[in-house]
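Here's the structure, in structure tokens; my notes come after.
Throughout, residue positions are numbered sequentially from 1 according to the sequence presented.
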Amino acid sequence: MTPPQPLGLPSLPEIEPLAPYALLGHLRPRDRYTVRVVERQERGLSMLTRYLVSAAAYRGEEVAVHVAVCIRNPADRSIVLSVPGGRGAFDEATLCWLADHFGANYAAVDWIGRGRSPAHPHVRCDYDPIYMAEDDIRTSFMFHNLAAIWAVADWLFGEGYAPVDVAGGSWGGVYSFLLAALEPRLTRIFPTFGCGGMSFPSVEKRSMWDAAIE
């Protein structure tokens, strides 16, 4: 019996890995930030402060993201950073309950285009954050959100906090994976998925994010 012959599959070019900073380009975290305190109030046993953090500009406009920081133990510089799912916002009452219940510090970052962050008319806000509508990765919704979330983590480190854990649900779980792939100072993430994973069978995503994680 003649053994089966290998199929003549086309040869695929090797994927050249990109360094994290090359992937994010001009939106990488910087040494200096524009930070504005929006509101500060006592919540139970914790102090809740809302910030707007901006570390980049896109097409001439500032790209800023809303961050809620709930400090339960000022002497402890460790903090848990939460990334919300598809709704784009983390409930602040839940954030402060976690801080009081566990006696720890918590922070949560909203998405650009959803949640409480300012409107950014030049940044596309597609329902599917992985989808790339154009060839330029910098036009994608996910790119600017990831850049903003990374900037927040970098800013927390710069303020003397240590984001020891990053917790994200659904799309926040995807962002947790991407953030950990880019930020070497993060050591633990707790992603939970509800979005079906990074890509879907027979659906063209034009996504570079799987390769970035690998």
Hey, what do you get for [atom1] ([X]) to [atom2] ([Y]), rounding to the nearest 0.5 Å?
X      : Y      : atom1 : atom2 : value
Leu186 : Asp165 : CG    : CG    : 9.5 Å
Trp171 : Trp111 : CH2   : CH2   : 7.0 Å
Leu81  : Asn105 : CG    : CG    : 12.5 Å
His120 : Ile112 : NE2   : CD1   : 5.0 Å
Ile189 : Leu178 : CD1   : CG    : 9.0 Å
Met47  : Gln41  : CE    : CD    : 9.0 Å

(request) Check step by step if side-chain contact (heavy atoms from CB on, under 4.5 Å) holds for Tyr161 and Ile71. (result) CA-CA 11 Å; Tyr161 291 104; Ile71 301 300; 3.5 Å; yes
Search all heavy atoms of [X] against all heavy atoms of [Y] and return the closest pair with its distance.
X      : Y      : answer
Arg116 : Phe90  : NH2-O, 3.1 Å
Leu95  : Ala68  : CD2-O, 3.7 Å
Ser176 : Pro191 : CB-CB, 4.3 Å
Asp110 : Val65  : O-CG2, 2.8 Å
Phe157 : Ala162 : CE2-CA, 4.1 Å
Leu146 : Tyr175 : N-CE2, 4.1 Å

(message) As a quick check of understanding, evaluate side-chain contact (heavy atoms from CB on, under 4.5 Å) for His66 and Leu52, giving each step before the final call.
(response) CA-CA 5 Å; His66 178 274; Leu52 276 180; 4.2 Å; yes
(request) Flag the pair Arg43 and Asp100 as a salt bridge only when some basic side-chain nitrogen lies within less than 4.0 angstrom of an acidic carboxylate oxygen. (result)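 No salt bridge links Arg43 with Asp100.
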(message) When you measure from the side chain of Arg114 to the backbone of Gly86, do you find a donor-acceptor pair of N or O atoms at a distance under 3.5 Å?
(response) yes
(request) Would you check if the side chain of Arg77 reaches a backbone N or O of Glu159 as a donor-acceptor pair within less than 3.5 Å? (result) yes
(message) For a side-chain contact (heavy atoms from CB on, under 4.5 Å) check, start with the C-alpha distance between Leu98 and Val80, then their side-chain angles and the critical distance, and finish with the verdict.
(response) CA-CA 10 Å; Leu98 289 168; Val80 178; over 6 Å; no
Tell me whether [X] shares a hydrophobic cluster with [Y], the cluster being built from Ile, Leu, Val, Met, Phe, Trp, Tyr side chains joined at under 4.5 Å.
X      : Y      : answer
Leu48  : Ile79  : no
Val35  : Val152 : yes
Met142 : Val166 : yes

(message) Does Glu42, at its CD atom, have more than 12 non-hydrogen atoms belonging to other residues, nucleotides or ligands within less than 6.0 Å?
(response)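 Counting other residues, nucleotides and ligands, CD of Glu42 stays at 12 neighbours or fewer.
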(message) Do Val53 and Val109 have side chains that approach each other closer than 4.5 Å (heavy atoms only, starting at C-beta)?
(response) no
(request) For Arg72 and Ser46, run side-chain hydrogen bond (donor to acceptor under 3.5 Å, both in side chains): C-alpha distance rounded to whole Å, both residues' side-chain angles, the deciding distance at 0.1 Å, then the answer. (result) CA-CA 4 Å; Arg72 174 64 176 81; Ser46 304; 4.5 Å; no
(message) Parallel, tilted or perpendicular, judged at 30° and 60°: which one describes the rings of His101 and Trp97?
(response) parallel
